[in-house]
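Structure record follows, encoded as C-alpha cells.
All chains are named by letter (A, B, ...) in the order of the sequence lines, taking the proteins before the strands, and each is independently numbered beginning at 1. Side chains included, hydrogens not; waters and symmetry mates left out as well; all remaining heavy atoms used.
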There are 2 protein chains.
Amino acid sequence: MTDTPKPRREQILDSASRLFSERGYHATSMRDLAGELGMQGGSLYAHISSKEELLIEIVNQASRQFDEALFTLRGDPRPADAKLREAMYRHIRVVADNMDSATVFFHEWKHLSPEAYDRVTGWRDTIDAFYRELITQGVQEGYFRPELDIKMTAYLVLSAVNWAYTWYRPGGTLAPRDVAEQFADMLLLGLRPAHAAQEAQP
Amino acid sequence: MTDTPKPRREQILDSASRLFSERGYHATSMRDLAGELGMQGGSLYAHISSKEELLIEIVNQASRQFDEALFTLRGDPRPADAKLREAMYRHIRVVADNMDSATVFFHEWKHLSPEAYDRVTGWRDTIDAFYRELITQGVQEGYFRPELDIKMTAYLVLSAVNWAYTWYRPGGTLAPRDVAEQFADMLLLGLRPAHAAQEAQP
DNA sequence: CCTACCGATCGGTAGG
DNA sequence: CCTACCGATCGGTAGG
C-alpha cells in the first residue's frame, strides 16, 4: 500500500552522491546514474523530477548534517577551548561520515540554480558566524589570546576541518576523533615548543 | 613574420581559467569561451587543438607556479620556523595571484585524462613531501614540538594555505603577506595564551 | 577567423 | 520500469 518507493529513491541519491563526487555534476549523465542502478535513463524519472533535484537534495542533506552537529553546541556551558575542540570533532566527523556528499557540497554548489545557490551561501555564513562567535567568546573569557583576529582565526579553523574532505580516508587508521584531537592540540598549543626563543630572523 | 599568434592564445587561456573556475570545466562550452573573446566556436581551433588541452595547460601553469615558489626554498639556510613562515607566504601568494587557475587546479584536475591526472597526483605528493621534510627538519632542530605527527602537521599547514582559494579576495585589505603572517603566528604560537592553565574538562 | 556542418550525447517525456 | 523518441547542445572539422 506504500505508493512511494522510498528506498529506491535513497539508492538513487547515494549513487548520485558517489558519481557527482567522483566525476562532478555535469560530467555525470543520467544514463551513467541509471546504469549504476541497473535501469534505463528514462526510468529514473519515475522517482525524481530532475537532475538538479538530486544535487539540491545532496547539498541540503550535507548542510543539515553540519547544522545539527554544530548548533546543538551553541548553548554548551564548556569553556571555549573545550568547545572548539568538540566543534572541530563534530565538523570533521560529518565530513568523514559523508565523504561523497561533503565533496559534492564543497565542489558542486556553484552549479545550483539561484535560489538553492543563495541558500547555500547563507548557510555558509551561518557556519562562519558560529565559529566567530565561539572564538570571540573564548577571547573574552581569556581562553584564547587577545591579539587574535577573529575572522582569520575562524578561517584557520575552518580550513583545517573542511580541507579534510581532500585527504581523509574513512577506512584508515585515523578516526575522526584522532584527527580532531591532533588538529585542536596543534591549534591551541602551537607548533613551537613551550617557552621557545623568539623566531630567529633570516 | 610571426606565424604563432601567441597573445591570442594567452587570451584564450585567461578566459578559460575564468570560465572554468566560475562554472566548472564541463559546464563551460567552447561556444561560451569563444563568445567571451568575440569569436565563433569553431574559430578557437585555429589556436588550440582541444578543450582538454586548455585544462591541461591551466593546471600545469598552476603546478609550475607552486613548484617555483616552494622548491627554491629547499636549500634555504633559515631555521625551520622562519622557513615555514616563508613557505606559507609564497604558497598563499601563488593562490592569491592566480585565483582562477588555482581554483581550476583544485576543482577540475579530476577531469584530466589518465596521464595528466597522474602527473597532478605526483605533483601533489611532491608538495606534501616538501612540507613534511620542512617539519621533520624543524622537529629535529628543536624549532617544533617533538610530539608532533609529521603528516598531520603537514595537513594542517596545507589546509590553511590551500583553503584560501575559497575565501581570499584579491582586491581586499588583506595582502597575501598579512594572511601568511597571521596564519603562521597562530600555528606557531597557538591560540591559547602563553602559560595558560590546562584545558578544563567538561 | 567564419559558415556550415558532423555524429554523439545530453536531460527529459510519452505511452505503455 | 522499458522503449522509443524529442529538441538542444556538445566538441570538433572541412573548406574557404
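For the residue pair Thr153(B) and Arg132(B), no side-chain donor N or O sits within less than 3.5 Å of a side-chain acceptor on the partner. Between the side chains of Trp167(B) and Asp128(A), no donor-acceptor pair is found at a separation under 3.5 Å.
In this structure, Asp118(A) has no salt bridge (Lys or Arg N to Asp or Glu O under 4.0 Å) partners at least two apart in sequence or on a different chain. Checked against ring pair (Phe, Tyr, Trp, His ring centres under 6.0 Å), Phe106(B) has the following partners two or more places apart in sequence or in another chain: Trp163(A), Tyr165(B). Here Arg177(B) pairs with Glu86(B), Glu181(B) under the salt bridge (Lys or Arg N to Asp or Glu O under 4.0 Å) rule; sequence neighbours left out. Not counting sequence neighbours, the partners of Asp76(A) by the salt bridge (Lys or Arg N to Asp or Glu O under 4.0 Å) test are Arg78(A).
Taking atom CG on Leu33(A) and atom C1' on dT9(C), their separation rounds to 16 Å, with Å as the unit. For the pair Leu37(A) CG and dC2(D) P, the interatomic distance rounds to 11 Å; values are reported in whole Å. With rounding to whole Å, Gln40(A) atom CD is found 5 Å from dC2(D) atom P. Atom C1' of nucleotide dT3(C) and atom CG of Leu44(B) are separated by 15 Å, given to the nearest angstrom.
Asp178(B) contributes a side-chain N or O that, together with a main-chain N or O of Ala175(B), makes up a donor-acceptor pair within less than 3.5 Å. Side chain of Lys51(B) to backbone of Thr28(B): a donor-acceptor contact under 3.5 angstrom is found.
Taking a pair as Watson-Crick or G-U wobble with both distances under 3.5 Å, the runs of three or more consecutive pairs in DNA chain C are C:1-16 with D:1-16.
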If the sugar-phosphate is the primed atoms plus P, OP1 and OP2 and the base is the rest, what is the B/S/- string for nucleotides 10-16 of chain D, using protein heavy atoms under 4.0 Å?
SBBB---
